Amino acid sequence: MSARIIGVGDVERCGGRLVLQPGDLLTPLARDRANELGVVIATGEIAETVLPGAAVSVRPTPVRPTGGRPTGPSSPTGPADPPVGALYRRGAPVVPEALRPEVVAGLASPLHRAAAAPGHDHGNGNGPGRRRPARATVVGAGHVGATTALHLAEADVFDEVVLLDVVPGLAAGLALDLWHSSALSGFATRLRGTADIAETAGSDYVVVTAGRARQPGMSRTDLTEANAAIVGGVCEGIRRHSPDAVVVVVTNPLDEMTHLAWRTTGFPARRVIGMAGVLDATRFCALAALAAGVRPDAVEALALGSHGDEMVVPLSTARIDGRPITEVLDGATLAGLVTRTQKSGAEVVALLEKGSAYYAPGMAAARMVLAMAADTGEVLPCCVMAEGAYGISDVYLGLPARLGRGGVAGIVEVPLTPAELAELRTAADRIAERVGALQPA
Ligand code: NAD
């Protein structure tokens, strides 16, 4: 049976009990509606009553021992994944509820938080018990890195956020500046800046933003040579000093740098993830909201494929207020929105005339880290290693991925039209060609 996307209408018509099949996707709006109506959601043998005002729990997703690679529910050989909480939980607080101090291992006060300080249980969250993640490091204290660090600190869920940059004093100065805002923002996460990667040791999550950014007229691929050297060096350091970390790559060209980070760290693919789809999807949602005259968080969309010309925005999965987007906006408008989304990065670069976008990218990277740290099981579009899902293997590209404490907990196969699937496979081929050019001679 193919997976279905369950929308608000399905919830309202279900008569108080909704039975989800393996692989079905319940949209965030539909989940909220179920919550309001007190609908009973049956997931296989487990039934959950959604009480008004209560958060809906999602069955925990086992991380399968797959030799280090993520497997998908639709992987030809693998079993189906259980239903997921959300495709893209727009509007969700950047601090996932599960990580609020009062719900993380009962750590309610700064004093208690100290009990989860670095040195305690540096596993990857796949073991028993839930602890507050101790340390997140952001490599590169430039525009994106500083923005990411700000959001991670403001979430107030880590003991420490460390900024690292090669420019002497830059990371330390920004860390101090960010810390000065703590009393106003109300966070207790410590901030530290350094130019020595050894001082980031034992990080749970490392976000890599180090590298050159685009200037007007440049494509992301123009950055390959310079940034491959930087990302390669940084990842050597991560491998040495934070061998259990989950790495989130931001540096462009994104798909190639994520592959390089995976290769250089030698980490299992589930612990090396690229940030692109969360940004591209939120860009589409923001632009579609303007076109439809709705709130941006009323739009749900995915952005898959590459972070570049082969970006795929599967309109068949997009919704506005729970309705198929194709019923709300006409074809020409939608085609224009997809094109503008694909070129949004360049549009910002051209306007800035110096450097590239950083507010939305920084927030997108933080969003991924916080989803993992909270072990939410959310499904977000991320650059992940494909291993059979969508008929694609052995290449990093944007796919819907369920995120958990230890990184990618599974790849989710949503139903796509034949044309969308063909676009996705073309993206995989193009990325594989570019990655091939990165291989050592
Ligand atoms: P930036 O120039 O403001 O900052 C980059 C920082 O990296 C600089 O401070 C630099 O000193 C530092 N750096 C360089 N080499 C380093 C090393 N070996 N170790 C530690 N730090 C090092 O650039 P930015 O605007 O922050 O962008 C950073 C990267 O993110 C670029 O490659 C950009 O293209 C990319 N980006 C990706 C996305 C995405 O969606 N994936 C979005 C926006 C930007």
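Both counts, for ligands and for their atoms, begin at 1 and track the order of listing. Since the model is a prediction, treat every value here as computed from it, not as a measurement.
Residue-level proximity to ligand 1 for L254 is carried by the side chain, the only part with a heavy atom below 4.0 angstrom. Residue-level proximity to ligand 1 for L170 is carried by the side chain, the only part with a heavy atom below 4.0 angstrom. For L279, every heavy-atom contact with ligand 1 shorter than 4.0 Å involves the side chain, none the backbone. Only side-chain heavy atoms of P361 come within less than 4.0 Å of ligand 1; its backbone N, CA, C and O stay farther off.
Protein heavy atom in closest approach to atom 37 (C) of ligand 1: V250 O, 2.8 Å. The nearest heavy-atom contact from the protein to atom 5 (C) of ligand 1 is G211 O, 3.2 Å. Of the protein's non-hydrogen atoms, V144 CG2, 3.7 Å is the one closest to atom 44 (C) of ligand 1. Of all protein heavy atoms, the one closest to atom 23 (O) of ligand 1 is A213 CB, 3.7 Å. D165 OD2, 3.7 Å is the protein heavy atom nearest to atom 6 (C) of ligand 1. The closest protein non-hydrogen atom to atom 40 (O) of ligand 1 is H307 NE2, 3.0 Å. Distance from atom 28 (C) of ligand 1 to its nearest protein heavy atom, with residue and atom name: T209 O, 3.0 Å. Scanning the protein for heavy atoms near atom 32 (O) of ligand 1, the closest one is R212 O, 2.7 Å.
Close contacts of ligand 1 with N227, meaning ligand atoms under 4.0 Å from a residue heavy atom, involve 32 (O). The ligand atoms of ligand 1 that sit less than 4.0 angstrom from a heavy atom of V167 are 11 (O). Those atoms of ligand 1 that come under 4.0 Å of a heavy atom in V139, given as number and element, are 20 (C). When each atom of ligand 1 is checked for a heavy atom of M275 under 4.0 Å away, the hits are 39 (C), 40 (O), 41 (N). Interface atoms of ligand 1 facing G140, defined by a heavy-atom separation under 4.0 Å, are 7 (O), 21 (N).
Within the model, atoms OH of Y396 and CD1 of I273 stand 8.0 Å from one another, a figure rounded to the nearest 0.5 Å. A distance of 14.5 Å separates CE of M363 from CE of M368, quoted to the nearest 0.5 Å. Note: L152 CG to T189 OG1 = 8.5 Å, rounded to the nearest 0.5 Å. Atom-to-atom distance recorded for R135:CZ and T137:OG1 is 6.5 Å, nearest 0.5 angstrom. Here the straight-line distance linking atom SG of C382 with atom CE of M372 works out to 7.5 Å at 0.5 Å rounding. Atom OG1 of residue T426 and atom CD of residue E310 lie 8.5 Å apart, to the nearest 0.5 angstrom.
Using a 4.0 Å cut-off between charged side-chain N and carboxylate O, R323 and D321 make no salt bridge. A salt bridge does not link R402 to E378: none of the charged nitrogens lies less than 4.0 Å from a carboxylate oxygen. We find that R319 and E327 are not joined by a salt bridge, their nearest charged nitrogen and carboxylate oxygen being 4.0 Å or further apart. Comment: R434 engages E256 in a salt bridge, judged by a side-chain N to carboxylate O separation of less than 4.0 angstrom.
In terms of polar-atom proximity, defined here as any N/O pair under 3.5 Å, N252 does make such a contact with ligand 1. Residue R214 has no nitrogen or oxygen atom sitting less than 3.5 Å from a nitrogen or oxygen atom of ligand 1, judged on distance alone.
A357 counts as a contact of ligand 1, since one of its heavy atoms falls under 4.0 Å from the ligand.
For the 3.5 Å distance criterion, the side chains of S185 and E154 qualify, holding a donor opposite an acceptor. S316 and E420 share a side-chain donor-acceptor pair at under 3.5 Å.
Between the choices T148, V248, V166, the shortest heavy-atom distance to atom 21 (N) of ligand 1 belongs to V166.
Ring-plane geometry between Y205 and F158 is classed as perpendicular, the angle between the planes exceeding 60 degrees on a 0 to 90 degree scale with a lower cut at 30.
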